[in-house]
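Okay, so here's the structure we're looking at.
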Number of protein chains: 2
Amino acid sequence: MSATRDTINDKTRLSADAWAQAALDAIADQGIAGVAVEPLARRLGVTKGSFYWHFSNREALLKRALERWEEQETGVPFQSLENEPDPRRRLQRVIREVNTSLRTSRIYQALSAAADDPLIAAFVTRVSTRRIETLRQYYEAVGLSPDNASRWARLTYSVFLGTLQIRRDMPGEWPHTDSTEFSEYIAFLERALLPDDDAMNPDLAAPAHPGAALTGTLAANTATKS
Amino acid sequence: MSATRDTINDKTRLSADAWAQAALDAIADQGIAGVAVEPLARRLGVTKGSFYWHFSNREALLKRALERWEEQETGVPFQSLENEPDPRRRLQRVIREVNTSLRTSRIYQALSAAADDPLIAAFVTRVSTRRIETLRQYYEAVGLSPDNASRWARLTYSVFLGTLQIRRDMPGEWPHTDSTEFSEYIAFLERALLPDDDAMNPDLAAPAHPGAALTGTLAANTATKS
DNA sequence: TCCCATCCATACGGTAGCGTATTGACAGCG
DNA sequence: CGCTGTCAATACGCTACCGTATGGATGGGA
């Protein structure tokens with residue numbers, strides 16, 4: 001799909017990038033198996049002859065498509081939030097954003113599902129690592145120590161990944177997008193994935209510290225024991 | 001692998017269950033694509049002739065293997081915790097268990113990666129739905145309303161799924177199993193995924209309520225943290 | 001205009017797997 | 001001993017895809 005070759009009959013020749021984009025589209029709605037030379041050629045209204053002029057083999061196409069994806073994905077879905085001044089609100093917004101939309105995630109899921117291929121795994125790893133790092137910085141910005149920021153970032157990213165999977169494999173478990181239960185759950189996430197104000201300093205900042213108004217260095221841990 | 005046909009030369013005939021188990025083994029270490037008649041036959045030291053006597057086609061084998069898996073998976077990894085009396089400790093233990101071991105999860109991941117196949121998707125959905133329901137009951141048992149229990153169960157299960165993915169695709173982001181960072185993160189999870197004592201009653205029970213007075217009902221919170 | 005680089009079509013051979021048809025081995029039982 | 005049912009081997013055709021070889025087509029510059 002997209003703006004490549006929907007109209008079969010235009011006489012424009014194909015570029016390597018057109019093939020790469022077509023491969024990405026195929027990944028989005030058929031998975032990695034969709035990146036097959038002959039089917040792609042049919043879909044583009046040409047034959048293999050074209051493909052093997054632009055690429056040496058299927059692997060090369062896949063690599064190119066992955067590079068294209070990684071490029072497009074850089075900063076997504078965070079880039080629009082860089083100018084949110086309040087770090088706490090920025091985190092809330094990224095949590096909401098990321099667990100709401102599915103737009104960017106279809107390709108990611110297809111790639112992750114094919115992570116047995118070391119080439120694919122490398123790209124998935126890079127993209128995800130960058131995302132986690134971004135989250136980590138956001139958490140540091142609200143006052144967490146580097147260690148705690150890492151933990152929260154890891155937690156939030158696993159919620160994101162797991163939520164994707166739930167929405168795909170168990171749609172019944174996910175509230176309908178415009179229901180009140182949906183917005184309540186998002187609000188719930190915004191709370192569950194943000195550390196307490198009073199839990200900023202302790203070594204193991206935890207979300208639950210009732211009655212721990214004090215902020216010793218690492219004393220707040222046992223402070224809950226009533 | 002496993003106890004099926006490692007020794008090529010034993011003259012015992014094969015049963016349909018032997019094929020199903022071999023299929024499961026293949027899923028575990030090659031993914032769904034490993035469920036292929038001829039490769040399996042080679043692995044079992046026989047030929048297709050055997051297979052097509054026991055099964056009508058590949059689909060039938062897959063179905064049988066999935067049934068076998070669902071059966072084995074029923075209750076896992078929760079069954080050993082049913083007799084934990086304290087509901088709060090039971091939740092802590094399941095959180096720890098589930099995010100620690102990878103034993104049971106290889107097949108799950110392979111299946112989930114192939115969830116485009118509707119047959120596979122059906123099994124994955126059933127197993128996961130059951131697991132979420134179990135978690136939901138656990139959360140109800142610590143005093144949450146049904147709605148809140150659902151939310152927490154969903155959250156915890158997505159953390160579990162996402163953690164699996166992180167450990168597979170970004171091993172660098174996951175602390176080494178016997179490091180202190182590892183046990184600290186597990187402790188962190190046990191807190192992040194358990195609601196506050198004082199957050200039991202509010203409609204949207206949240207993990208973060210600094211300064212709220214503690215209710216003494218289930219206050220035996222965290223005796224952990226050596 | 002002629003030529004050459006660019007891009008594509010056609011035809012071919014090769015591999016891997018599915019499924020079928022037929023034959024073969026073998027054990028238990030009459 | 002021979003029959004029969006059970007399980008496996010062999011051989012075959014079929015599909016889908018990868019990659020190669022080679023021969024058009026087409027358009028822009030010398």
Side-chain angles (χ1 to χ4, degrees), chain A residues 4-27 29-66 110 113-114 116-120, chain B residues 4-27 29-66 110 113-114 116-120:
Chain A
T4 48
R5 256 292 182 101
D6 298 331
T7 56
I8 301 290
N9 289 340
D10 63 349
K11 283 298 179 187
T12 64
R13 326 274 273 201
L14 264 55
S15 65
D17 281 336
W19 280 96
Q21 184 57 46
L24 270 186
D25 296 345
I27 290 174
D29 60 60
Q30 305 172 34
I32 293 299
V35 185
V37 179
E38 283 154 322
L40 274 182
R42 284 194 288 273
R43 187 157 158 170
L44 287 170
V46 293
T47 65
K48 302 197 293 185
S50 169
F51 176 81
Y52 283 100
W53 195 90
H54 292 289
F55 296 91
S56 56
N57 52 27
R58 176 186 181 272
E59 183 88 358
L61 169 65
L62 190 53
K63 182 151 176 282
R64 192 98 159 211
L66 289 172
D116 48 302
D117 181 334
L119 176 65
I120 295 175
Chain B
T4 48
R5 255 290 181 103
D6 298 330
T7 56
I8 301 289
N9 289 340
D10 65 348
K11 283 297 180 188
T12 63
R13 327 274 273 199
L14 265 53
S15 64
D17 282 335
W19 280 96
Q21 184 57 47
L24 270 186
D25 296 344
I27 290 174
D29 61 58
Q30 306 172 33
I32 293 299
V35 185
V37 178
E38 282 155 321
L40 275 181
R42 284 194 287 274
R43 189 156 156 171
L44 288 170
V46 293
T47 64
K48 303 197 293 184
S50 168
F51 176 81
Y52 283 100
W53 196 92
H54 293 290
F55 295 91
S56 56
N57 51 29
R58 178 183 179 273
E59 182 89 358
L61 169 65
L62 189 54
K63 183 152 177 280
R64 192 99 159 210
L66 290 171
D116 47 302
D117 182 332
L119 175 65
I120 296 175

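As the structure is a prediction and not an experimental result, all values here were calculated from the model. First the proteins, then the strands, lettered A, B, ... as listed; each starts at 1.
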Exercise. Taking only residues two or more places apart in sequence, or in another chain, which ones meet B:Asp117 in a side-chain contact (heavy atoms from CB on, under 4.5 Å)?
Worked result: B:Leu62, B:Leu119, B:Ile120
Problem set entry | Non-neighbouring partners of B:Ala36 that pass side-chain contact (heavy atoms from CB on, under 4.5 Å), sequence neighbours left out | B:Pro39
Problem set entry | Nucleotide C:dA9, atom P - distance to CG of A:Leu44 in whole Å | 11 Å
Exercise. If you pin A:Gly49 and A:Ala33 to their nearest nucleotides in DNA chain D, which one's is more 5'?
Worked result: A:Ala33
Exercise. Atom OH of B:Tyr52 to atom C1' of D:dG13: distance rounded to whole Å?
Worked result: 13 Å
Problem set entry | Comparing A:Phe51 and B:Ser15 on DNA chain D - which has the more 5′ nearest nucleotide | B:Ser15
Problem set entry | Residues which pass ring pair (Phe, Tyr, Trp, His ring centres under 6.0 Å) with A:Phe55, listed by chain and number, not counting sequence neighbours | A:Phe51
For this session: Ignoring backbone atoms, test whether A:His54 places a side-chain nitrogen or oxygen under 4.0 Å from the OP1 or OP2 oxygen of C:dT6.
Result: no
Seminar exercise, completed: Here the distance between atom P of D:dC17 and atom CG of A:Leu62, to the nearest Å, is 16 Å
Exercise. Who pairs with B:Gln30 by side chain to side chain donor-acceptor pair (under 3.5 Å), at least two apart in sequence or on another chain?
Worked result: none
Exercise. How close do A:Val37 and A:Trp19 get, heavy atom to heavy atom, and via which atoms?
Worked result: O-CZ3, 4.3 Å
For nucleotides 13-17 of chain C, list the nitrogen or oxygen atoms of the protein found under 3.5 Å from its nitrogen or oxygen atoms, one pair per line.
unit_1, atom_1, unit_2, atom_2, d
C:dG17, OP2, B:Arg42, NH2, 3.3

Problem set entry | Spacing of A:Glu59 atom CD relative to D:dC18 atom P, expressed in whole Å | 12 Å
Exercise. Can you list every salt bridge (charged side-chain N to carboxylate O under 4.0 Å, His left out) pair that touches residues 53-65 of chain B, not counting sequence neighbours?
Worked result: B:Asp17-B:Arg64, B:Lys63-B:Glu67
Exercise. For the side chain of A:Trp53, counting heavy atoms from C-beta on, which of C:dT10, C:dT6, D:dC18 is nearest?
Worked result: C:dT6
For this session: Could you tell me the separation between the CG atom of A:Leu40 and the P atom of D:dA16, rounded to a whole number of Å?
Result: 16 Å
